[in-house]
Amino acid sequence: MKSTYYLTTAIYYANAEPHIGHAIEMLYADVMARYQRLLGKDVYFLTGTDEHGQKILESANAAGKPLQEFVNEKSAVYQNLADQWNISNNDFIRTTEQRHIQGAQKFWSESLKSGDIYKKSYTGLYCYGCESFKTEKDLVDGKCPDHNRAPETVSEENYFFRLSRYQEPLEFLFQERKNFVYPESRYNEMHNILKAGLDDISISRTKDKLPWGVPVPADDTQVMYVWFDALTNYITALGYGSSNEKLLQKFWPGVNIVGKEINRFHSLLWPAMLMSAGVDVPKQIAVHGWMTVDGQKMSKTIGNVINPLEIVQQYPLEAVRFFLMREIPFDNDGDFSHSKFSQRYTGDLANGIGNLTNRILTMIEKYCGNAVPAVEKIDSDLINFLTKEIWPAYTAGMEGWRFDRALEATWKFITHCDQMISDKQPWAMAKAGKNAEVNDLLYHLAEALRHIAVMVWPVIPETAEKIMTQLGLNVAQEYAKSLNELQQWVELTVGNKIAKGEQLFPRLI
Ligand code: MSP
């Protein structure tokens, strides 16, 4: 049986338009999902929208729309984003769906049975931007630094989750599994918070104050705290709490991909919740950094928000996908700017992979009768470079969420191939009648191009498939092969008719 791999993005608040920071998270997940499929795994990839809570309520009121209608519209925009960006998710969960509500309620009941939920009166400072309670020390000049807004004093009788009871089990988890949170810097941050001690947290709101949430089972005066509801989406989408838990059994535990500001909810609260409800903790919390635009945090006031649906009207989607994965390392913050985009477009795409493909195919057309030539003499230097240096660097990058490094290795190989052409000058060899040498060189270059197509497949799938088709390969047949097979040298069949197409990346005007 195939091994399985389950991965999720965070679910996006259905109260605002998506920006490119949301899109990059979907993209990181998509690249990993496609890579894992290439490894031959049975992959399940989930994304979705977070549709309850005070923030959504306020936004719907401000828009003057009925709540359900409001979230339907906003969620549709995220679903469209996933489609437009060629995100290969298997499912899209919405927290207002019945399948989620029933699962979240079942989860609550299980935690209650474990004795981890109790009621108490509470007064606290609540930030609607974060959808969480703050302590005085979290504030700067009395305001939440992330939302530049003073929290409101909330005083009510709520249900509490005994997070403090999971102090030791969490410490054990962190001791046993050093890669539970990736990267290490994020692991350390969480470990330090954990070591400082965890307090119980409020997990419900009174319905009269917040009428928009999952009803607490057997208490119709309260709704669940939005995070307690939202976190369970990762398992409710797999059927948790329904009559069919097959997907849950098959795919859970999985990897949760989230941004740095919500790491705490995922690395501390979420595993404690799961332990309480008797469900396995995630395989890993993979934490990415934040994207800025022209060196600044995106904000409406600055006017630098990049809409991911608009940017792919302006530039080809594949180029945007490439740029983000090449330029913004998963484990750190990174910046988008139009000037950097054009530089990479011209340097790496138009003059890099696009030009190399065109050069190789044009020469095969011209010198080899439009078919992959036969080879006499094997260039073991090239093969060694590819198999001993490039593929290992590529694989290490992909396995470790460093897609930028995987692409860096691929482009090192592209540059190497370009250099081979400049050094050997096949046009001069042809003129001198050295046909066998021309054939040898172009055979190697065609095979090298096939390797390049496989490497870029998870990131720019359409380009990869165009290259394969141009090399006379059948994409479905290639897809059915394992990465191990695809990585072998001489997979390309001599005599394959090549079909040179349009320039892959025409120059931007
Ligand atoms: N709804 C919660 C998550 C609940 S998960 C059970 C939420 N939503 S969000 O819409 O505010 O953020 C969703 C994801 O987008 C988060 O992982 C967040 O880090 C990510 N990003 C938001 N802005 C971002 C950037 N500027 N850059 C990269 N990712 C960013 O939090």
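As the structure lists them, so they are numbered: ligands from 1, and atoms in each ligand from 1. It should be emphasised that the depicted structure is a prediction, and the values quoted were computed from it without experimental measurement.
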Within the heavy-atom cut-off of under 4.0 Å, ligand 1 is lined by A10, I11, Y12, Y13, H19, G21, H22, E25, D50, W227, A230, L231, N233, Y234, V258, G259, E261, I262, H266, H288, G289, W290, M291, M298

H52-Y225 side chain donor-acceptor pair, cut-off 3.5 Å: no

For residues 163-173, the side chain to side chain donor-acceptor pair (under 3.5 Å) pairs (sequence neighbours left out) are D116-R165, D116-Y166, S164-D200, Q167-E171

Residue pairs passing the salt bridge (charged side-chain N to carboxylate O under 4.0 Å, His left out) test with at least one member in residues 224-253, sequence neighbours excluded, are D42-K250

* **K106 to Y240, cation-pi by 6.0 Å centre distance and 45° axis angle** => yes

- Looking at F160, is K120 sitting on its ring face, NZ or CZ under 6.0 Å from the six-membered ring centre and within 45 degrees of the normal? yes

Contacts satisfying side chain to side chain donor-acceptor pair (under 3.5 Å) that involve residues 293-314 (not counting sequence neighbours) are none

